[in-house]
Amino acid sequence: MIIDGKKISQEIKNEVKLAAEKLKREKGIIPGLAFILVGDNPASQSYVKSKGKACEELGFYSATERVLATISESDLLAMVNRFNNDPKIHGLLVQLPLPKHIDEQKVIEAISPAKDVDGFHPVNIGKMMIGIDTFYSATPYGIVELLKRYNINPSGKHVVVIGRSNIVGKPVANMLVQKKEWANAIVTIAHTAAKDLSYYTKQADILIAAVGKPNAITKEMLKPGVVVIDVGINRIDDPSSKTGTRLVGDVDFEHVKEIASAITPVPGGVGPMTIAMLMVNTLKAAGGKI
Ligand code: NAP
């Protein structure tokens, strides 16, 4: 089975749109999401553009502040503070990475936890860790939601996560280990210190790859029937494509799909879920829910 993140993310966005209309009708609230984009990193520009488009599609209010990469840390913190105090704005997102002269963690911590729809603030990470309802960061949240909507119940299953970043590996492992009906898994996190990665991957009932390397996970490393969630987004050369490149995940999709019971493709798997869950978080920050 191919897990269709594009389809599920569209379903979620449709639900968010309806819930936003209800919020406006009943309480006069329009969910508002602000973006701060520092510098001219093309990937960051494209991410912010897609998120802005999603706001338009769902009837959200959005505001984007584009500032030069030379902005001082104190001016950026003042801008964050302005949005923290703007009643039209329910969610605030500072697109990362930031230029080297700015302390990224300081900026994340300056965002009001109540508006931290990226779920990166230590307060929200701490709440997630101890199992209190909060803003889950969008990519791990999207993975959990994909499993839920495909009726893949992680309870009692061995989930093996490859990668321990703060935005994917660690939070998804933390979410799935919670004693909740949508989680309750036995979780292992592996990373570059693993001497034999296959030792871990072969035990996975559900394998989550968040490595950032094409073909990091091959068919020989997995057991038949495994569910594979491929988070990786890697651009590789492909002379047969118009642009000369194409996107692939961390998993050797063509071969792994022969033995997996379910697998996410790249593109069209976890990727589209990220923006959908950001919209869910913004709706929630505004007081709505799907
Ligand atoms: P990251 O910060 O670079 O972390 C990669 C992790 O993989 C690290 O923990 C690293 O271990 C581990 N790793 C690397 N090579 C390994 C190997 N050979 N064996 C075992 N572990 C290995 O990356 P990230 O931010 O988590 O992102 C991971 C991938 O997901 C990237 O391709 C990224 O583009 C993609 N991504 C996709 C979305 C989406 O919306 N779909 C969102 C975020 C990220 P160490 O800690 O030991 O170095």
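Start at 1 and go down the list; that is how both ligands and their atoms are numbered. Excluded from the calculations below are hydrogen atoms, water molecules and symmetry mates; all remaining heavy atoms, backbone and side chain alike, are included.
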Please state which protein non-hydrogen atom is closest to atom 39 (C) of ligand 1 and give its distance, to 0.1 Å?
T274 OG1, 3.7 Å
protein heavy-atom neighbour closest to atom 45 (P) of ligand 1 works out as T192 OG1, 3.4 Å
Minimum-distance protein heavy atom relative to atom 9 (O) of ligand 1:
R164 N, 2.8 Å
Out of G169, A210, A209, G5, whose heavy atom sits nearest atom 6 (C) of ligand 1?
A210
Residue, atom and distance of the protein heavy atom nearest atom 18 (N) of ligand 1 read K213 NZ, 4.1 Å
Interfacing atoms of ligand 1 (cut-off 4.0 Å, heavy-atom, V168)
26 (O), 43 (C), 44 (C)
Within-shell test, A216 vs ligand 1, heavy atom, strictly < 4.0 Å:
no
Should the heavy atoms of other residues, nucleotides or ligands under 6.0 Å from CG of D196 be counted, would the total exceed 12?
yes
Any idea which of A193, G212, P140, G142 brings a heavy atom closest to atom 29 (C) of ligand 1?
G212
Within this structure, what is the CZ-CG distance for the pair R235 and D237, rounded to the nearest 0.5 Å?
10.5 Å
Could you identify the single nearest non-hydrogen protein atom to atom 12 (C) of ligand 1 and state the distance to 0.1 Å?
G163 CA, 4.0 Å
Sidechain N-carboxylate O distance under 4.0 Å for K157, D205
no
Please name the residue in the list V231, L207, I208 that meets the side chain to side chain contact (heavy atoms under 4.5 Å, CB included) test with I162.
L207
Residues Q178, N174; criterion side-chain hydrogen bond (donor to acceptor under 3.5 Å, both in side chains); working and verdict
CA-CA 7 Å; Q178 297 296 326; N174 261 298; 4.6 Å; no
How long is the span from the CD atom in E181 to the NZ atom in K148, to the nearest 0.5 Å?
7.5 Å
Ranked by distance from atom 35 (C) of ligand 1, the top protein heavy atom is V231 O, 3.4 Å
To the nearest 0.5 Å, how far apart are CD in E104 and CG in L98?
4.5 Å
Do the side-chain N and O atoms of H90 and T282 include a donor-acceptor pair separated by under 3.5 angstrom?
no
Give the atoms of ligand 1, by number and element, whose distance to some non-hydrogen atom of H191 is under 4.0 Å.
11 (O), 20 (C), 21 (N), 47 (O)
Under 4.0 Å between heavy atoms, the region of V211 that gets near ligand 1 turns out to be both
Ionic contact status for E21 with K24, cut-off 4.0 Å:
no
d(L146 CG, I3 CD1) to nearest 0.5 Å is 6.5 Å
In ligand 1, the atoms that come under 4.0 Å of a heavy atom of I167 are 25 (O), 43 (C)
Identity and separation of the nearest protein heavy atom to atom 42 (C) of ligand 1:
T139 OG1, 3.3 Å
Which heavy atom of the protein is the closest neighbour of atom 19 (N) of ligand 1, given with residue, atom name and distance?
L197 CD2, 3.8 Å
Nearest 0.5 Å, please: how far is CG in L278 from OH in Y47?
13.5 Å
Short N/O distance, under 3.5 Å, between I233 and ligand 1?
yes
Ligand 1 N/O within reach of D250 N/O, cut-off under 3.5 Å
no
If we check side chain to side chain contact (heavy atoms under 4.5 Å, CB included) with V159, which of these qualifies: I206, I229, V172?
I206
Suppose I only count heavy atoms of S165 and a 4.0 Å limit; which atoms of ligand 1 are within that range?
2 (O), 4 (O), 24 (P), 25 (O), 26 (O)
Which of the numbered atoms in ligand 1 are below 4.0 angstrom from a heavy atom of N234?
32 (O)
